[in-house]
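Step one of this worksheet: look at the structure below.
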Amino acid sequence: QVQVVESGGGLVQAGGSLRLSCAASGTFFNLATVGWYRQAPGKQRELVADIITGGSTNYADSVKGRFTISRDNARKTVYLQMGSLKPEDTAVYYCNVRIASINVWGQGTQVTVSS
């Protein structure tokens, strides 16, 4: 069984920073692809960044140069370091863990960026 819990969201002013954490349980976390997604009010869910087992990363164009995704397999945790935050980054951020056919989502954490 895989369980995912996000944390680190909150209210921050534009230009500020936050670090989101995605903590996962399960035996095979090291083999997982982990992605951060977000969904703003009235908008569809979108991929923000993901990271695969070998460490390769992918970012949405809107966050390139501002966000960094990383993983600590020993802690079974993936981080999303968010800097230079903009009001348009406001959304619920969800962590997704994929291992083979397993696809598990966290409960989400709210990020609100004020102007």
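The structure displayed is predicted, hence computed values, not measured ones.
Both Val63 and Met82 are part of a single hydrophobic cluster, where members link through side-chain heavy atoms under 4.5 Å apart. Cluster annotation: Ile69 and Val92 are assigned to distinct hydrophobic clusters (Ile/Leu/Val/Met/Phe/Trp/Tyr, side-chain heavy-atom contacts under 4.5 Å, transitive). No path of Ile, Leu, Val, Met, Phe, Trp and Tyr side chains, each step under 4.5 Å between heavy atoms, connects Val34 with Tyr79, placing them in separate hydrophobic clusters.
Taken from OG1 in Thr27 to NZ in Lys76, the straight-line distance is 6.0 Å, to the nearest 0.5 Å. For the atom pair Asn103 CG and Asn96 CG, the distance stands at 4.5 Å (nearest 0.5 Å). Interatomic distance, Asn58 CG to Lys64 NZ, rounded to the nearest 0.5 Å: 7.0 Å. For the atom pair Gln39 CD and Gln44 CD, the distance stands at 8.0 Å (nearest 0.5 Å). In this structure, CG on Asp50 lies 11.0 Å from CG on Leu80, to the nearest 0.5 angstrom.
In the displayed structure, Leu47 atom CG is contacted under 6.0 Å by more than 12 heavy atoms of other residues, nucleotides or ligands.
Using cut-offs of 30° and 60° for the angle between ring planes, the Trp105 and Tyr94 rings count as perpendicular.
Side chain of Thr109 to backbone of Tyr93: no donor-acceptor contact under 3.5 angstrom is found.
With contacts defined as side-chain heavy-atom distances shorter than 4.5 Å, the pair Thr57/Phe67 does not qualify. Side chains of Asp89 and Arg38 form a contact here, defined as non-hydrogen atoms less than 4.5 Å apart. Residues Ile51 and Tyr59 form no side-chain contact, since every pair of their non-hydrogen atoms from C-beta on lies 4.5 Å or further apart.
Nearest heavy atoms, Ser17 versus Gln81: CB-NE2, 4.1 Å. Residues Arg75 and Thr77 come closest through the heavy atom pair O-OG1, 2.9 Å. For the pair Thr33 and Ile52, the tightest heavy-atom approach, listed with the atom from each and the gap, is OG1-CG2, 3.8 Å. Taking all atoms of both residues into account, the shortest heavy-atom contact from Ile99 to Phe28 is CD1-O, 3.5 Å. Across every non-hydrogen atom of Cys22 and Val97, the tightest pair is SG-CG2, 4.4 Å. Across every non-hydrogen atom of Val111 and Leu18, the tightest pair is CG1-CD1, 3.9 Å.
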Scan the side chains in residues 4-15 for donor-acceptor partners under 3.5 Å anywhere in the protein, sequence neighbours excluded, and list what turns up.
{"unit_1": "Glu6", "atom_1": "OE1", "unit_2": "Gln107", "atom_2": "N", "d": "2.8"}
{"unit_1": "Glu6", "atom_1": "OE1", "unit_2": "Gln107", "atom_2": "NE2", "d": "3.4"}
{"unit_1": "Glu6", "atom_1": "OE1", "unit_2": "Gly108", "atom_2": "N", "d": "2.8"}
{"unit_1": "Glu6", "atom_1": "OE2", "unit_2": "Cys95", "atom_2": "N", "d": "2.6"}
{"unit_1": "Glu6", "atom_1": "OE2", "unit_2": "Gly108", "atom_2": "N", "d": "3.3"}

